[in-house]
Amino acid sequence: MGLSFDYLHCMTISGFLTIAPNSGPMLGGQYVIVSGPCIEDGATISVIFNSGSPQTCERKSEFSLVCITPMFTYTGDAIFLISIEVQGV
C-alpha cells in the first residue's frame, strides 16, 4: 500500500511512496527503504519516527532512499514523517 503525495519539482506532479519492510524489531537498527519518484540528487532527507528526533536518511537513487529505525518503546504502528528538502527550491 502506498502513501499519496504531491511533488512539484520534477516531471511527475504526484505519485506514491512505498515503505519496506512494513515491520521490524523494537530494538531499532532496521534499514527502511522508501521508494518513489523524484528523489533529487543533493536533497537533504530526514525522517521522524513517532515524534522523535529527526534522523538523516541517505538517497540511493532518483527512486529510493534508506533510513535506519531508532529503538521503539511499544508495539504497533509507527508514524513515519519524511522531509525531503531540495537545494535552491
Side-chain angles (χ1 to χ4, degrees):
M1 181 166 117
L3 303 174
S4 180
F5 72 103
D6 290 322
Y7 193 79
L8 302 176
H9 303 290
C10 65
M11 300 304 285
T12 299
I13 298 298
S14 64
F16 292 93
L17 292 178
T18 57
I19 301 171
N22 62 2
S23 63
M26 287 181 62
L27 292 176
Q30 173 74 46
Y31 280 81
V32 175
I33 300 169
V34 180
S35 302
C38 304
I39 302 169
E40 296 187 18
D41 192 23
T44 302
I45 305 162
S46 64
V47 66
I48 297 174
F49 294 93
N50 294 334
S51 303
S53 299
Q55 300 196 19
T56 302
C57 299
E58 182 179 341
R59 178 187 183 268
K60 292 296 187 180
S61 73
E62 180 182 357
F63 306 105
S64 68
L65 59 98
V66 74
C67 306
I68 301 174
T69 60
M71 187 170 88
F72 294 98
T73 57
Y74 67 93
T75 61
D77 293 338
I79 297 172
F80 192 86
L81 301 173
I82 301 172
S83 171
I84 302 174
E85 296 180 25
V86 179
Q87 300 292 331
V89 176

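Computation of the quantities below employed the complete heavy-atom set of this structure, encompassing side-chain atoms and omitting hydrogens, waters and symmetry-equivalent molecules. Keep in mind the model is a prediction, meaning the values are calculated, not measured.
Residues in residues 29-38 take part in no side chain to side chain donor-acceptor pair (under 3.5 Å) pair, two or more places apart or across chains.
With rounding to the nearest 0.5 angstrom, the OG1 atom of Thr69 is 9.5 Å from the CZ atom of Phe80. Rounding to the nearest 0.5 Å gives a distance of 5.0 Å between CD1 of Ile82 and CD1 of Ile19.
Panel note: side chain Arg59, backbone Glu40; a donor-acceptor pair is recorded below 3.5 Å.
The minimum heavy-atom distance between Tyr74 and Asn50, with the atom names listed, is OH-ND2, 2.7 Å. Looking at every heavy atom in both residues, Val47 comes nearest to Cys57 through CG1-SG, 3.5 Å. Of all heavy-atom pairs spanning Pro21 and Val32, the tightest one is CD-CA, 4.4 Å. Shown here for Ile33 and Ser64, the closest heavy-atom pair between the two residues is CG2-CB, 4.4 Å.
In this structure, Met26 places its CE atom where more than 12 heavy-atom neighbours from other residues, nucleotides or ligands lie under 6.0 Å away.
Side-chain contact check for Val34 versus Ile39: every heavy-atom pair is 4.5 Å or farther apart.
Judged as a salt bridge (Lys or Arg N to Asp or Glu O under 4.0 Å), and not counting sequence neighbours, the contacts of Glu58 are Lys60.
Ile48 and Ile45 are not part of a single hydrophobic cluster, where members link through side-chain heavy atoms under 4.5 Å apart.
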